[in-house]
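Reviewing the structure listed below.
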Amino acid sequence: MKFRLIIYSIFLTSHVFAQDYIEYHRIINRIDEDVLNKNYSIAIKRLDSLYENFDFIYARHCFKALQICTVSQDSLHADKWLEKSFIQGVPIWMTRTNELTKQALKYTTTQSTIERYDSLRTIYINSINLEIRNVIDSLYVIDQLYTTKVNDGFILFRHTYHGIRWLKNNKKQFAILNEIIDTYGYPDERLIGLPRNLEDSIQQMKHFNFWGPSLLESKTYIMLIHYYSNPRADINNKLLKNIKLGYMPPYQYGALNDFMAKWGKEKYGEFYYYNVWHQDPDHSNDLDIENRRKSIGLNSYAQQNRNMLLYRERRKNHTANSEIILE
C-alpha cells in the first residue's frame, strides 16, 4: 500500500529531533509522585517545563495538568492548560463532566478560552493526519472482525478456519502499518489524534463516569499486540526512535516486547521483558527489567503496580472521575 508523501513525512528531519520524549515521560512520572505527596506547586513547575520545552503534549497529560491546577486552585495555570487541552483534542464535554476540571470552567480567567473552543478545536483537527487516521480506523474494524471470530466464533472453527484467517490478516495489516511507520511515523495520538468516539458525549458519558478520563489512542497498539502474539521479527529500532520523537508511548513498546519475549522464538532474536503486560517469571532479571523500563521512560515496576491498585480502588469506590490521573 503506497501513500502520497505529505508534510508529515518530514517529521524525522524537523525541529522535534531535539525534543527527547523519553525525558518527557520521566518528568510525567515525577509528577505522579508530586501528586501522591500533594506537592502540587512542584508538579505545576514540572508541567511548565513540559509546556515550554515540548511542542506536543499528550492530551491525557494536558487534562492531568488541568486537574492539578484546579485542585491547587491555580486559575492562571488552569487557563493555560485548558487552552492546551482543547488544542490537543480534549472535547469540552469531558472537561465539564470531570469532577475536578469542571471547576476550571467557572474561573474568570478561563472564560475567553471557553469562548474560543471551536477555533482551538480547529487547530487540533488541522494538526493531525486525517488520511492516515481513516486508514487506521478501517484496519482496526477489520482486525476486530477477525479477532471476534477467533474469540467468540463456533468453537470448532476458532483455532482452525478463523485462526488461520486471523493470522493472515495480522501479517497483511502489519505490512501496511510498517509502511506507515516508515513514511509518517508511528500512528498514535501525535499523528492521528484521539479516538473519534470521544466526540460522542452521550455514548461515552457512562463509561467516563465509571472508568474516569480515558484519553488514549490504541488501535495501532492493539493490532500490533495481535501480530506479536505469535513469533515475529521485531522492529524495535524504529519503534525506539518513535518513542524519542513522541509518536509512541513507552508503555506500548514495553507491552509489545513482553509479547515478543513470551511468544517469540530464538530464530527471531533475543527478546526481553519490560513487565508491562506479561511478567518475566525469572526474578533474577528484576534489576535488568527496571533498567530497561527506565531507559524508555517508564515508571518503576513497583510504581506501575501501585498505580494500578489505586485505579482499581477508585473504580471500586466510584471515584475514578474525581481523582487526578496517574500513569
Side-chain angles (χ1 to χ4, degrees), residues 1 3-4 6-9 11 55-64 66 81-98 101-102 114 116-148 169-170 172-174 176-181 183-227 242 246-249 251-252 255 320-321 325:
M1 185 175 185
F3 297 99
R4 290 180 294 104
I6 57 177
I7 192 169
Y8 298 91
S9 66
F11 84 101
D55 293 337
F56 170 77
I57 300 178
Y58 284 89
R60 174 184 179 85
H61 299 146
C62 295
F63 199 81
K64 178 192 196 112
L66 183 59
W81 286 108
L82 180 64
E83 178 186 60
K84 191 67 171 175
S85 293
F86 292 159
I87 290 173
Q88 294 303 145
V90 177
I92 195 169
W93 74 261
M94 190 175 285
T95 309
R96 291 185 177 128
T97 305
N98 184 255
T101 59
K102 70 180 183 181
I114 295 167
R116 293 187 293 119
Y117 173 73
D118 288 341
S119 62
L120 296 173
R121 181 79 183 174
T122 299
I123 294 173
Y124 160 69
I125 295 297
N126 290 338
S127 72
I128 61 178
N129 190 321
L130 297 175
E131 179 183 3
I132 300 302
R133 181 165 79 164
N134 289 337
V135 172
I136 297 300
D137 286 350
S138 298
L139 291 177
Y140 186 71
V141 169
I142 298 170
D143 170 86
Q144 292 299 289
L145 176 66
Y146 283 106
T147 302
T148 299
N169 184 64
N170 290 345
K172 179 180 177 181
Q173 295 199 329
F174 174 78
I176 297 171
L177 293 173
N178 200 24
E179 185 177 344
I180 291 173
I181 293 168
T183 307
Y184 302 95
Y186 184 81
D188 196 74
E189 182 186 331
R190 180 163 193 172
L191 182 63
I192 63 172
L194 295 169
R196 294 178 196 266
N197 61 7
L198 289 183
E199 299 166 21
D200 187 345
S201 60
I202 296 174
Q203 180 188 35
Q204 293 293 315
M205 194 75 72
K206 185 176 180 180
H207 180 278
F208 184 84
N209 285 325
F210 177 73
W211 295 95
S214 178
L215 288 156
L216 297 170
E217 169 54 49
S218 59
K219 297 183 187 70
T220 298
Y221 171 53
I222 292 170
M223 288 187 280
L224 289 179
I225 286 289
H226 291 160
Y227 179 74
N242 277 271
Y247 283 82
M248 183 182 196
Y251 77 89
Q252 294 188 11
N321 195 35
I325 300 169

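Just so you know, these numbers come straight off a predicted model, no measurement behind them.
With rounding to the nearest 0.5 Å, the separation of CD1 in I222 from OG1 in T147 is 9.0 Å. Separating the CD atom in E189 from the CG atom in L216 is a distance of 8.0 Å, to the nearest 0.5 Å. The line from NZ of K219 to CD of Q144 is 10.0 Å long, rounded to the nearest 0.5 Å. With values rounded to the nearest 0.5 angstrom, S218 atom OG is found 11.5 Å from L224 atom CG. With rounding to the nearest 0.5 angstrom, the CG atom of L194 is 11.0 Å from the OH atom of Y58. Between atom CD of residue E199 and atom CG of residue N197 there is a gap of 8.5 Å, rounded to the nearest 0.5 Å.
By the ring pair (Phe, Tyr, Trp, His ring centres under 6.0 Å) test, F174 is found to be paired with Y227, residues two or more places apart in sequence or in another chain being considered.
Taking the centre of each ring, Y251 and Y221 come in below the 6.0 Å mark.
The backbone N or O of M94 lies less than 3.5 Å from no partner atom in the side chain of N98, so there is not a single donor-acceptor pair. Using a distance-only test at 3.5 Å, with no hydrogens or angles considered, no donor-acceptor pair links the side chain of T101 to the main chain of T97. Under a 3.5 Å cut-off, the side chain of Y124 and the backbone N or O of S85 do not form any donor-acceptor pair. No donor-acceptor distance shorter than 3.5 angstrom exists from the side chain of W81 to the backbone of K64, with no hydrogens or angles considered. Remark: the backbone N or O of V90 is not paired with any side-chain donor or acceptor of Q88 at under 3.5 angstrom. When atom types are taken as modelled, the side chain of Q173 and the backbone of L139 share a donor-acceptor pair closer than 3.5 angstrom. In this structure, R121 contributes its side chain and G89 its backbone to a donor-acceptor pair below 3.5 Å. Judged by distance alone, with hydrogens and angles left aside, the side-chain atoms of Y117 form a donor-acceptor pair with the main-chain N or O of I92 at under 3.5 Å. Between the D143 side chain and the M223 main chain, no donor and acceptor come within less than 3.5 Å of each other.
Side-chain atoms of M248 and D188, non-hydrogen and from C-beta on, never get closer than 4.5 Å to each other. Two residues are said to be in side-chain contact when any heavy atoms from C-beta on lie closer than 4.5 Å; Y146 and H226 fail this criterion. By the 4.5 Å heavy-atom criterion applied to side chains, F86 and T95 are counted as neighbours. Using a 4.5 Å heavy-atom cutoff, the side chains of I136 and I180 are in contact. L82 is listed as a side-chain neighbour of I114, based on a closest heavy-atom distance under 4.5 Å.
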- Query: Step by step, would you call F208 with F210 a ring pair (Phe, Tyr, Trp, His ring centres under 6.0 Å)?
  - Reply: CA-CA 6 Å; F208 184 84; F210 177 73; over 10 Å; no

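Nearest heavy atom pair, residue K84 against residue D55, reads NZ-O, 3.6 Å. Closest approach of P213 to I325, counting heavy atoms only: CB-CD1, 3.8 Å. Across L215 and A59, no two heavy atoms sit closer than the pair CD1-O, 3.9 Å.
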